[in-house]
Amino acid sequence: MIDVNGLRKSFGPSEVLKGITTKISKGEVIAVIGPSGSGKSTFLRCLNLLETHNAGSIKIDGKEIDQLESNLRKKIGMVFQHFNLFPHLTVLENITFAPQQVLKTNKKEAEKNALELLQAVGLSDKAHAYPSRLSGGQKQRVAIARALAMNPEIMLFDEPTSALDPEMVKEVLQVMKNLVKTGMTMVIVTHEMGFAKEVADRVLFMDDGRLVEDEQPAIFFENPKTERAQVFLEKVL
Amino acid sequence: MNLDFAQLVPSIPYILYGIWVTLQFVAVSLVLGFLWGTVLSLFKIGKVTILRWFADAYTSVFRGTPLILQMLIIYYAVPQLTGMDIGAFTAGVLTFALNSAAYISEIIRAGINAVDKGQKEAAIALGVPYRSMMLKIILPQAMKNILPALMNEFITLTKESAIVSVIGALDIMRRAQIVGASNYRFFEPLLLAGLIYYLLVMMLTLTGRVMERRLAKSD
Ligand SMILES: Nc1ncnc2c1ncn2[C@@H]1O[C@H](COP(=O)(O)OP(=O)(O)OP(=O)(O)O)[C@@H](O)[C@H]1O
Ligand SMILES: [Mg+2]
């Protein structure tokens, strides 16, 4: 469903992605790991055009992404490290905003849908609260519900638990695990190795702008092929 | 010291009427300046290079030259060029609107830039179109940064408006001077004018504080 070929991206003189090639099939859960600065976020952001790549191609269902910009955004949901909830809107308004603005869903239906999503992430009682009243874990669960409200076919997560206190990591990972069960296609940048091992179908290990390993987690975590992956795993495990 | 306020008394209503003139002047200038400043700020954050360049150059010129010079140019030079005679009040309003637009565009631009860029990214990732992103997500948050600075601009404008007296608009300042000249006593009417300006500024300052506290509460 996503076909990435020779993807390159530079910021000024420094090349951050040095030719990434990979395929992601429908329903697959991909964990992207690697050292800081290796280009994981940039890769993810290229997938939904938050960054425009300099060379190579990204095709979704066979179509080059630049050509379907607005439709593409509706297909891809994104969850950020720092939640990026809209602080001046309530939880319910955060979730219903885009469906109303973009999909032209009427308010009543959007709210009904939002309340179902809130129930799914265990936050029914917070519908009318403002984000500032929520804990980090709750904010991230709302952010996930907000992205899901657009009925995406693919969900991108950029270190969704990195900004959280340790005791809140679990609740967010649980919501993500539930999402995995629904068969959602997911690309997750994460430092949670246990989680990656448990839920991912494939692990992409990035280093210095390159895709160094692309492997099933069982194999990757037990027998990393490259030295760079070995060094990295020694540090984080 | 020989101060004689008794002589001033009959002229007090005349000077007080200047408050209305000054406020009208400032309010019209501010509204026009705000509208034009908003447009300029959109130029500045927009993608069209030539508009951005224009807005930056515009701001630079209006901030880099004396206000009184701008006013004299508009008052004397515009009629000379176009043959159209504009009154002192209009020339003053025009100058102040054009001038404050430069400052206000900076205020708005800074206010928008101060909004966390994650907000824009979240909206883009959700597919929200530029217009509703600006109107419903970015600007409401930017307002918190913009309103207090705008209030300061209002205060500055109120004080600086006194220079329209130079071209003869009948504001507080000009009226005080006229009364002074006709009584051959300048100190008392100028003191009164000073008191009026001070009270106006204090009122605006207090209003601004109340507003800021309201905004802070909604956080
Ligand atoms: N907008 C930008 N402008 C310039 N350089 C950037 C920009 N975004 C990222 N970079 C640089 O690109 C490189 C890769 O960044 P990226 O955020 O993709 O890494 P990452 O793997 O996500 O790292 P982390 O684990 O710290 O999040 C870094 O060296 C970073 O400084
Ligand atoms: Mg990152």
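Throughout, a chain's letter reflects where its sequence line sits, starting with A, and its residues are numbered from 1. From a predicted model like this one, the values you see are computed outputs, not experimental measurements.
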Practice prompt. Evaluate ring pair (Phe, Tyr, Trp, His ring centres under 6.0 Å) for Tyr58(B) paired with Trp53(B), printing each intermediate quantity in order.
Written response: CA-CA 8 Å; Tyr58(B) 179 97; Trp53(B) 181 87; over 10 Å; no
For a quick check under 3.5 Å, do [X] and [Y] share a side-chain donor-acceptor pair by atom type?
X	Y	result
Glu51(A)	Thr42(A)	no
Ser57(A)	Asn5(A)	no
Arg175(B)	Ser11(B)	no

Worksheet item: Hey, are Lys44(B) and Glu106(B) close enough for a salt bridge, meaning a charged N less than 4.0 Å from a carboxylate O?
Response: yes
Worksheet item: Between Met150(A), Arg45(A), Met78(A), His88(A), which has the largest tally of heavy atom pairs under 4.5 Å with chain B?
Response: His88(A)
Checking heavy atoms, do the side chain of [X], its backbone, both or neither come under 4.5 Å from chain B?
X	value
Phe80(A)	side chain
Phe97(A)	side chain
Leu103(A)	neither
Leu85(A)	backbone

Item to complete: Under 4.5 Å heavy-atom distance to chain A, tell me which part of Gln141(B) shows up: side chain, backbone, both or neither.
Response: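 The answer is the side chain of Gln141(B).
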Worksheet item: Between Lys136(B) and chain A, which part of the residue has a heavy atom less than 4.5 Å away: side chain, backbone, both or neither?
Response: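 Both backbone and side chain.
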Fill in: Lys NZ or Arg CZ of Arg52(B) over Phe43(B) ring: under 6.0 Å, within 45°
no
